[in-house]
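To start, the structure under review is shown below, and the notes come after it.
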Amino acid sequence: MIKSCYIHIPFCNHICSYCDFCKIEYHKCFIDKYLNALEEEIKNTYQGEELETIYIGGGTPSSLDIDELKKLFSILSVLKKSPNVEYTIEGNFESTTKEKLEYYRKVGINRLSFGVESINPNNLSFLNRQEDKKKIEEVLKDAREIGFHNINLDLMYALPMETIDILEQDIDYLLSLKVEHISTYSLIVEDHTLLKINNVQNIDEEKDYEMYELICKKMKDNSYNHYEISNFAKASYESKHNQTYWKNEEYYGFGLGASSYIGNERIENTRSYTKYIENNWIKEKELLSNKDKIEYEIMLNLRMSSGINLDSFALKYQKELKDCYDYQYLVDDKLLCLEENHLFIPENKWYISNEIIVRLLEREVYE
Ligand code: SF4
């Protein structure tokens, strides 16, 4: 049963130098056709399930003006929401106004997520982003007054010229804002980005690790629960929507470049605006075998501090994990922990989680 839904709004007011997401520079003439196609896609695909999480991401959803937002939410009103739905919208501070926040509240949004990334002027100019402390603080004050009690901020680190001191100032600033959730991203220079064209190199692993450690320590010192490799939350404010992905549960993904996991299929939508508005939404479908599903389950579950619940695994796949993969040798090597039937990567080894997962998946014991 599908309980989660992602909606992609690809428009951004300006394009960041590192961005390889599915995005388009905002022009008013693009919006109407896009929203019409989104409406068609939802009508054609959504089966009326009651949703526990809805996440409007981007892009920058707050780049839409108030009338465009009204049209978006009128389209989304067909989605049935559970009484405890977690309903998130992303945005940036620059394009978020009090009027938009009040409107979000009225239509049931109860979680806000903002990209800050950094407040250091050199970092911002490198990332081709604009942030203004005064605007950030004004929007957060308005949001609290309007009644938002669940706010996430994104932090980016590992920029080539960034020092530990600069990172620490960014972390301290984010902490001073006392939000419920902080997501962190290590900068990776991706293909087809301005950074790649300019031949920018990723920082070395040692420095990246030093920065990651600092973030983990400061979050811990400030009572944030490190519940996923890159995510930190105050108690009970862990993102329910993102946990859908990490728990390998099904979800709808609507919009340009969105992906869905429905039944035995992972579906990827087109990144072509032209195709999308002609209602050719789907780019490709991956049909999953049981073995594929189990691999996804392992890779995604092990991102979380709770890891793999071995009882739930056995119930879901009708077989024990130990009959699929030999994990005992990794437990013996202290790269995995087994406690109360949860198999997880200890926090001090999260930095090498990819390596641990690869080693686990190599020890297949299928008959
Ligand atoms: S705001 Fe986000 S989606 Fe838009 S260009 Fe920047 S990183 Fe990409």
Side-chain angles (χ1 to χ4, degrees), residues 6-31 34-35 38 55-65 68-69 72 88-97 100-101 104 109 111-133 135-136 139-140 143 151-160 162 170 174 179 181-198 200 202 230-231 239 241-242 245 253-259 268-273 276 283:
Y6 174 80
I7 317 283
H8 194 71
I9 303 297
F11 307 103
C12 294
N13 300 107
H14 48 81
I15 304 299
C16 306
S17 60
Y18 56 93
C19 181
D20 76 329
F21 301 138
C22 178
K23 80 289 178 183
I24 301 173
E25 195 165 327
Y26 175 96
H27 288 287
K28 196 153 184 58
C29 58
F30 292 150
I31 310 299
Y34 182 77
L35 293 178
L38 181 68
Y55 192 105
I56 306 171
T60 311
S62 62
S63 65
L64 301 187
D65 69 26
E68 292 159 348
L69 285 168
L72 170 67
T88 306
I89 191 164
E90 281 183 352
N92 64 15
F93 287 103
E94 207 185 323
S95 58
T96 299
T97 60
K100 288 182 189 176
L101 289 171
Y104 293 163
I109 293 285
R111 185 170 185 271
L112 300 171
S113 178
F114 294 103
V116 179
E117 316 310 347
S118 176
I119 40 129
N120 177 274
N122 292 335
N123 282 2
L124 288 170
S125 113
F126 175 80
L127 298 172
N128 196 25
R129 292 184 61 92
Q130 295 162 1
E131 293 301 344
D132 169 40
K133 278 190 187 178
K135 177 70 176 165
I136 293 174
V139 169
L140 289 178
I151 299 179
N152 170 64
L153 300 177
D154 292 342
L155 166 76
M156 183 163 275
Y157 68 99
L159 279 61
E162 188 177 27
D170 275 351
L174 257 64
V179 292
H181 193 284
I182 295 179
S183 298
T184 66
Y185 301 86
S186 165
L187 175 74
I188 295 174
V189 180
E190 303 281 5
D191 287 343
H192 315 298
T193 61
L194 189 62
L195 294 186
K196 187 75 177 186
I197 293 165
N198 291 338
V200 171
N202 292 316
S230 310
N231 283 277
S239 160
H241 184 81
N242 287 345
Y245 303 142
F254 298 126
L256 197 69
S259 53
E268 204 185 311
N269 276 5
T270 179
R271 280 181 160 224
S272 156
Y273 174 82
Y276 189 79
K283 182 177 154 219

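Counting convention: from 1, in listed order, for ligands and their atoms alike.
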*asked:* Which label fits Phe11 and Tyr273: parallel for a plane angle under 30°, tilted from 30 to 60°, or perpendicular past 60°?
replied: perpendicular

Once the angle between the rings of His8 and Tyr6 is folded into 0 to 90°, is it parallel (under 30°), tilted (30 to 60°) or perpendicular (over 60°)? tilted

Notebook entry, point to check: Are the charged groups of Lys196 and Asp20 less than 4.0 angstrom apart, N to O?
Noted result: no

| query | Do Glu131 and Arg129 meet the salt-bridge criterion of a basic N to acidic O distance under 4.0 Å? | reply | yes

Checking a contact table here: which protein heavy atom is nearest [atom], and how many Å away?
atom                    : answer
atom 5 (S) of ligand 1  : Cys16 N, 3.3 Å
atom 1 (S) of ligand 1  : Thr60 OG1, 3.5 Å
atom 3 (S) of ligand 1  : Gly59 N, 3.3 Å
atom 8 (Fe) of ligand 1 : Cys19 SG, 2.3 Å
atom 7 (S) of ligand 1  : Tyr18 OH, 3.5 Å

The atoms of ligand 1 lying under 4.0 Å from a heavy atom of Ile15, numbered in the order shown, are 5 (S)

ask   = Given the rule in the ring-ring contact (aromatic ring centres under 6.0 Å, His included) test, do Tyr18 and Phe126 qualify, once you have shown the distances and angles that lead to the verdict?
value = CA-CA 9 Å; Tyr18 56 93; Phe126 175 80; 8.7 Å; no

### Message
Is Cys12 close enough to atom 8 (Fe) of ligand 1 that one of its N, O or S atoms comes in under 2.8 Å?
### Response
no

One should read off an interatomic distance between Glu90 CD and Ile56 CD1, to the nearest 0.5 angstrom, of 10.0 Å

